[in-house]
Asker: 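Quick one: the structure is below, and I'll ask about it shortly.
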Amino acid sequence: MKRIALMLPLISLAACAAGEVEVPIAVRIANATPAVSVTARGETTPVGTTNADAADDPAIWRNAADPAASLIVGTDKKAGVYVYGLDGKVRDFLDAGRVNNIDLKDGVAINGGTGILVVASDRNDVARAKLALFRLDPATAKLTALGTIDGGAGEAYGLCMGSDAAGLYAFIVLKDGTINQVALDASGATPTGRIVRSLKLGTQSEGCAVDDRTGTLYVAEEDVGLWRFDARASGSTTPTKIAAADGKNIVADAEGVAIAPIGEKDGYVLVSSQGDNAYVVYRIRDDAYVGRFRVVDGAIGGSEETDGIELMLGDFGPAYPGGLFIAQDGENGAAAQNFKLVAWADIVKALGLPQ
């Protein structure tokens, strides 16, 4: 959620009557742990909804045969889903209404074949969450709507996908911190799904990501911090806290979550520190804090007030040879919001991570 204000009580009765004040961004940055700087190498065309908090969450499909032909899907939460090329140009738009977070999986059984399944959290009905399902055609970059699946009572917010030997799942994060794990089956003419269990965090939550290697679900609780759950349908429902939104490493809101998997069980989990325009990196094997970075102005503008993020390692062509990090930009100057594209190699170098 775009809410950059950290609130402090005012010291006089008159001020209390007037309300609360926003801590200036410069103060939030000064109080936070220092962050290194990187610059974006690309950006997407702005979303169509202007003068609004609209762009929200990206997902990445990597074309292994032709990495430079990889695709990005991203939500305009007021209007629908975009497909972009790595050049940032719009390849397709599907009017899906109020869809918020988005994720995708390749090699999924879809209507008698296999393909790329895209799933978004559908909040068109704020009283009843839904999952909106699409098929992405990698040859044409076109989306086809497959239908919606019930996600439980409440307003849809975050979403991420995971799979294990038992099947394919979507985790839909409701605005009140409920997380419903939905088993998906898109193999027939009409996709089906069922809620297999529910998890719970105490307050508003949104960003999430699943590490299929370790069976771990990561979720950001906006005012509280970053948590992990057992992602298995038969696993524990008790969360483990990785990091607090303490105004130092994470400055509330804690928002988008992404994973950089390295080896069999290690790598990094990243979270958007929206309150100070930064991104925080933790090591997977021990939950240790690693560092922070910002995407600052360069030949392409930086990113601020970020909601969703995504990261995929691997070759994406000459501009992104080691991996691609994408951040929603909540400012983007005078233009509508968009997504900034950053080379993972630049982040690794800036933070001094092992090559």
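Numbering of residues begins at 1 and proceeds along the displayed sequence.
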Asker: Is any side-chain heavy atom of Leu217 closer than 4.5 Å to one of Phe171?
Answerer: yes
Asker: As an exercise, state the distance from OH of Tyr82 to CZ of Phe339, rounded to the nearest 0.5 Å.
Answerer: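 Those atoms lie 10.0 Å apart.
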Asker: Is any side-chain heavy atom of Ile195 less than 4.5 Å from a side-chain heavy atom of Gln181?
Answerer: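 No; the side chains remain at least 4.5 Å from each other.
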Asker: When you compare the side chains of Ser70 and Asn63, does any donor N or O come within less than 3.5 Å of an acceptor on the partner?
Answerer: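 Their side chains do not contain a donor-acceptor pair, so the 3.5 Å distance test is not met.
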Asker: For the backbone of Gly88 and the side chain of Thr45, can you confirm whether one donor and one acceptor N or O come within less than 3.5 Å of each other?
Answerer: yes
Asker: After noting the C-alpha distance and the side-chain angles of Lys77 and Asp307, does the key distance pass the salt bridge (charged side-chain N to carboxylate O under 4.0 Å, His left out) rule?
Answerer: CA-CA 11 Å; Lys77 61 189 173 187; Asp307 284 322; 3.7 Å; yes
Asker: Under a 3.5 Å threshold, yes or no: a donor from one side chain and an acceptor from the other, between Gln204 and Glu221?
Answerer: no
Asker: Is a side-chain N or O of Thr50 found less than 3.5 angstrom from the main chain of Gly48, in a donor-acceptor match?
Answerer: no
Asker: With a 4.0 Å cut-off on N to O distance, would you call Asp76 and Lys78 a salt bridge?
Answerer: no
Asker: When you measure from the side chain of Arg123 to the backbone of Tyr157, do you find a donor-acceptor pair of N or O atoms at a distance under 3.5 Å?
Answerer: no
Asker: In the structure I gave you, are the side-chain heavy atoms of Ile172 and Ile179 within less than 4.5 Å of one another anywhere?
Answerer: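 Contact flag for Ile172/Ile179 side chains = no.
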Asker: Rounded to the nearest 0.5 Å, how far apart are CG of Leu136 and NZ of Lys105?
Answerer: 15.0 Å
Asker: Just so I know, are the side chains of Pro138 and Ile116 near enough to count as touching, which here means a heavy-atom distance under 4.5 Å?
Answerer: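 Yes, close enough: below the 4.5 Å cut-off.
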Asker: As a quick check of understanding, evaluate side-chain contact (heavy atoms from CB on, under 4.5 Å) for Asn338 and Val47, giving each step before the final call.
Answerer: CA-CA 6 Å; Asn338 73 345; Val47 298; 5.9 Å; no
Asker: Any side-chain heavy atom of Leu201 sitting closer than 4.5 Å to one from Asp176?
Answerer: no
Asker: Examine Trp344 and Ile259 and state if one hydrophobic cluster contains both, with Ile, Leu, Val, Met, Phe, Trp and Tyr joined whenever side-chain heavy atoms are less than 4.5 Å apart.
Answerer: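 No, it is not one cluster - the side chains of Trp344 and Ile259 are not joined through contacts under 4.5 Å.
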Asker: Given side chains that start at C-beta, do those of Val119 and Ile102 come closer than 4.5 Å, heavy atoms only?
Answerer: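 No, too far: nothing below the 4.5 Å cut-off.
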Asker: Whether the side chain of Asp164 engages the backbone of Gly167 through a donor-acceptor N/O pair (distance < 3.5 Å, no angle test) should be reported.
Answerer: yes
Asker: Do Arg98 and Asn124 have side-chain atoms, one donor and one acceptor, less than 3.5 Å apart?
Answerer: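 Their side chains do not contain a donor-acceptor pair, so the 3.5 Å distance test is not met.
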Asker: Evaluate side-chain contact (heavy atoms from CB on, under 4.5 Å) for Tyr279 paired with Val295, printing each intermediate quantity in order.
Answerer: CA-CA 9 Å; Tyr279 311 93; Val295 182; 3.8 Å; yes
Asker: Answer whether the closest heavy-atom distance between the side chains of Ser273 and Arg292 falls below 4.5 Å.
Answerer: yes
Asker: Would Gln328 and Ser303 satisfy side-chain contact (heavy atoms from CB on, under 4.5 Å), going step by step from the backbone distance to the final call?
Answerer: CA-CA 7 Å; Gln328 181 260 3; Ser303 57; over 6 Å; no
Asker: In sequence, state the C-alpha distance, the side-chain angles, and the governing distance for Phe316 and Phe325, and then conclude on ring pair (Phe, Tyr, Trp, His ring centres under 6.0 Å).
Answerer: CA-CA 11 Å; Phe316 283 86; Phe325 173 79; over 10 Å; no
Asker: Do Val269 and Val290 belong to the same hydrophobic cluster, where Ile, Leu, Val, Met, Phe, Trp and Tyr are linked whenever their side-chain heavy atoms lie under 4.5 Å apart, directly or via other members?
Answerer: no
Asker: Answer with yes or no whether the hydrophobic clustering places Tyr268 together with Ile309; edges join I, L, V, M, F, W, Y residues whose side-chain heavy atoms lie under 4.5 Å apart.
Answerer: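 Same cluster: Tyr268 reaches Ile309 through Ile, Leu, Val, Met, Phe, Trp or Tyr contacts under 4.5 Å.
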Asker: Roughly how far, to the nearest 0.5 Å, is CG of Leu117 from CG of Leu168?
Answerer: 6.5 Å
Asker: Given Arg128 and Asp122, is the salt bridge (charged side-chain N to carboxylate O under 4.0 Å, His left out) satisfied, shown in steps?
Answerer: CA-CA 9 Å; Arg128 195 79 196 179; Asp122 183 327; over 6 Å; no
Asker: Run the side-chain contact (heavy atoms from CB on, under 4.5 Å) check on Ile250 and Tyr282 step by step: do they pass?
Answerer: CA-CA 11 Å; Ile250 300 176; Tyr282 296 91; 3.5 Å; yes
Asker: Between Asn101 and Glu206, do the side chains contain an N or O donor and an N or O acceptor separated by less than 3.5 Å?
Answerer: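 The criterion, which ignores hydrogens and geometry beyond distance, is satisfied for Glu206 and Asn101.
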Asker: Are the ring centres of Phe229 and Tyr218 closer than 6.0 Å?
Answerer: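 Here the rings of Tyr218 and Phe229 have centres that are no less than 6.0 Å from each other.
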Asker: Hey, is the main chain of Ala109 close enough, under 3.5 Å, to the side chain of Ser187 for a donor-acceptor pair?
Answerer: no
Asker: Give a yes or no on whether Leu311 and Val342 share a hydrophobic cluster (residues Ile, Leu, Val, Met, Phe, Trp, Tyr; joining criterion: side-chain heavy atoms under 4.5 Å apart).
Answerer: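 Shared cluster, yes.
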Asker: Run Glu22 and Arg28 through salt bridge (charged side-chain N to carboxylate O under 4.0 Å, His left out) and show every step you take.
Answerer: CA-CA 10 Å; Glu22 176 184 322; Arg28 284 177 264 146; 3.4 Å; yes
Asker: So, the side chain of Asp297 versus the backbone of Gly302: is there a donor-acceptor pair under 3.5 Å, distance only?
Answerer: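 Side chain of Asp297 to backbone of Gly302, a donor-acceptor pair under 3.5 Å: yes, one is there.
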Asker: Salt bridge check, Arg197 against Asp230: does any charged N sit closer than 4.0 Å to a carboxylate O?
Answerer: no
Asker: Hey, what do you get for CH2 (Trp61) to CG (Asp106), rounding to the nearest 0.5 Å?
Answerer: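 Answer for the CH2-CG pair, Trp61 versus Asp106, is 6.5 Å.
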Asker: I want to check something: taking the side chain as every heavy atom from C-beta on, are Thr44 and Leu341 in contact at a cut-off of under 4.5 Å?
Answerer: yes
Asker: Please determine if Arg213 and Asp211 form a salt bridge, counting it only when a charged side-chain N lies under 4.0 Å from a carboxylate O.
Answerer: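 Salt bridge flag = yes for Asp211 with Arg213.
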Asker: Ignoring hydrogens and angles, tell me if any N or O in the side chain of Asp329 forms a donor-acceptor pair with the backbone of Lys340 under 3.5 Å.
Answerer: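 Absent.
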Asker: When you measure from the side chain of Asn100 to the backbone of Ser121, do you find a donor-acceptor pair of N or O atoms at a distance under 3.5 Å?
Answerer: no
Asker: For residues Val271 and Val251: do they belong to one hydrophobic cluster (side chain heavy atoms under 4.5 Å, members Ile, Leu, Val, Met, Phe, Trp, Tyr)?
Answerer: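 Different clusters.
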Asker: Looking only at atom types and distance, does a side-chain atom of Asp92 sit under 3.5 Å from a main-chain N or O of Leu143, one as donor and one as acceptor?
Answerer: yes
Asker: Side chains of Thr306 and Gln274 only: does a donor on one sit below 3.5 Å from an acceptor on the other?
Answerer: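 Thr306 vs Gln274: no donor-acceptor pair found between side chains.
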Asker: Can a donor-acceptor pair be found between the side chains of Gln337 and Asn332 at a distance below 3.5 Å?
Answerer: no
Asker: Between Pro67 and Asp315, which heavy-atom pair has the shortest distance, and what is it?
Answerer: CB-O, 3.0 Å
Asker: As an exercise, state the distance from CG of Asn277 to CZ of Phe293, rounded to the nearest 0.5 Å.
Answerer: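 Between Asn277 CG and Phe293 CZ, I get 12.5 Å after rounding to 0.5 Å.
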Asker: For atom NZ of Lys241, decide whether the heavy atoms of other residues, nucleotides or ligands shown that lie under 6.0 angstrom number more than 12.
Answerer: yes
Asker: Considering only NZ, NE, NH1 and NH2 on the basic side and carboxylate oxygens on the acidic side, decide whether Asp346 and Arg41 come within less than 4.0 Å.
Answerer: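 A salt bridge is present here (some side-chain N lies under 4.0 Å from a carboxylate O).
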Asker: When you check the gap from the basic side-chain N to the acidic O, do Lys142 and Asp137 get nearer than 4.0 Å?
Answerer: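 A salt bridge is absent here (no side-chain N lies under 4.0 Å from a carboxylate O).
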Asker: Could you tell me whether Asp286 and Arg283 make a salt bridge, using a distance below 4.0 angstrom between a side-chain N and a carboxylate O?
Answerer: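 Arg283 and Asp286: salt-bridged.
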Asker: Regarding Asn249 and Thr33, is there a side-chain donor-to-acceptor distance under 3.5 Å anywhere?
Answerer: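 Yes, a side-chain donor-acceptor pair sits under 3.5 Å.
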Asker: May I ask you to decide whether Arg294 forms a salt bridge with Asp276, counting only side-chain N to carboxylate O separations under 4.0 Å?
Answerer: yes
